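One structure is given below, encoded as structure tokens.
In what follows, every chain begins at residue 1, and chains take the letters A, B, ... in the order their sequences are listed. We use all heavy atoms of the structure for the numbers below, so side chains are in, but hydrogens, waters and symmetry mates are not. Because the structure is a prediction, the values reported are computed rather than measured.
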Amino acid sequence: MAQQEFALDASQPASTAPEWLDTGACVLRGHAAGHAVEMIGGIRRIARAAPFRRMPTPGGGMMSVAMTCCGAGGWCSDADGYRYVAHDPRTGQPWPPLPDMWRDLATHVAACAGYAGFVPDVCLINGYRPGARMGLHQDRGERLDAPVVSLSFGLPAIFQWGGLQRGDPLRRIPLLHGDVVVWGGPSRLVFHGIAPLRAGQHPVTGPCRYNLTFRRVW
DNA sequence: AAGTGACC
DNA sequence: TCCT
């Protein structure tokens, strides 16, 4: 039984070589799967102090993805725009600390992608329910000399990978439980997004997908 | 400006 | 294509 659960947990072997999307950007299949149960527990603990919330967008809409953060700051959206803030606007408290094990894993997978010495100071935690999506965007609010490390857990999603111009053609890349994406260098400002999540059940996360993105903001 | 955008 |  435990063996079978592990097989379901590890959607991909963790030892595969990087699949390069572009210069500086790759997918590491399954490299976080072995840490999934511990990390989902960490997400639940962080969410008790800094609850998941859907944020308003400057244009008057609402994000479909629920977010929380940990580390030295968190990403926030409201009517005034997008920015990183050192305190959770909802509680007034500092964001929960970035767990050492999370930081070490991000450093390790970044090194696997060719980014030695990456030390993130912020982790954004995105919670996707069926239908939730992330429109095409660039990650511009952080240091551009550091990569972004993205870990996927739970339900599969279609990652849209474009180019440096919004209108560039999109590649659709399935991201499964435990998959890692790293992008930096010449790919740091590539437009990317997530297609609307398809409903399903995952043995570790139930009806959800969690995406953890590690960045260097300060 | 990362939008269950809004509008054409 | 516009808007915030």
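If you check every strand for non-hydrogen atoms under 4.0 Å, Arg83(A) touches nothing. Nucleic acid contact class of Gly131(A) (heavy atoms, under 4.0 Å, all strands): none. At the heavy-atom level, Gly59(A) lies under 4.0 Å from base atoms of the strands shown.
Under the 3.5 Å distance criterion, the side-chain polar atoms of Arg103(A) are left unmatched by any main-chain donor or acceptor of Val119(A).
We find that CG of Asn126(A) is positioned 11 Å from P of dG3(B), with the value rounded to whole Å. When rounded to the nearest whole Å, the span between CG of Asp78(A) and P of dG5(B) equals 20 Å. One can place CG of Leu136(A) at 8 Å from P of dA2(B), the figure rounded to the nearest angstrom. For the pair Ile194(A) CD1 and dG3(B) C1', the interatomic distance rounds to 16 Å; values are reported in whole Å. Regarding Arg166(A), its CZ atom lies at a distance of 15 Å from the P atom of dG5(B), rounded to whole Å. At whole-Å resolution of the value, CG in Asn211(A) and C1' in dA2(B) are 13 Å apart.
Base-pairing analysis of DNA chain C finds no stem of at least three consecutive Watson-Crick or G-U pairs with both pairing distances under 3.5 Å.
Note that the CZ atom of Arg140(A) and the CG atom of Leu189(A) stand 5.0 Å from one another [nearest 0.5 Å]. Residue Leu176(A) holds its CG atom at 8.5 Å from NE2 of His202(A), rounded to the nearest 0.5 Å.
Salt-bridge formation is not detected for the pair Arg216(A)/Glu142(A): no Lys NZ or Arg NE/NH1/NH2 atom is positioned less than 4.0 Å from an Asp or Glu carboxylate oxygen.
Residue Asp139(A) has its side chain nearest to dA2(B) when only dG3(B), dA1(B), dA2(B) are considered.
Between Arg54(A) and dA2(B) there is no side-chain polar atom (N or O) within less than 4.0 angstrom of OP1 or OP2.
Close placement of the His192(A) and Trp183(A) rings is indicated, their centers lying within 6.0 Å of each other.
In this structure, Phe52(A) and Tyr210(A) have tilted ring planes: the angle between them lies in the 30° to 60° band.
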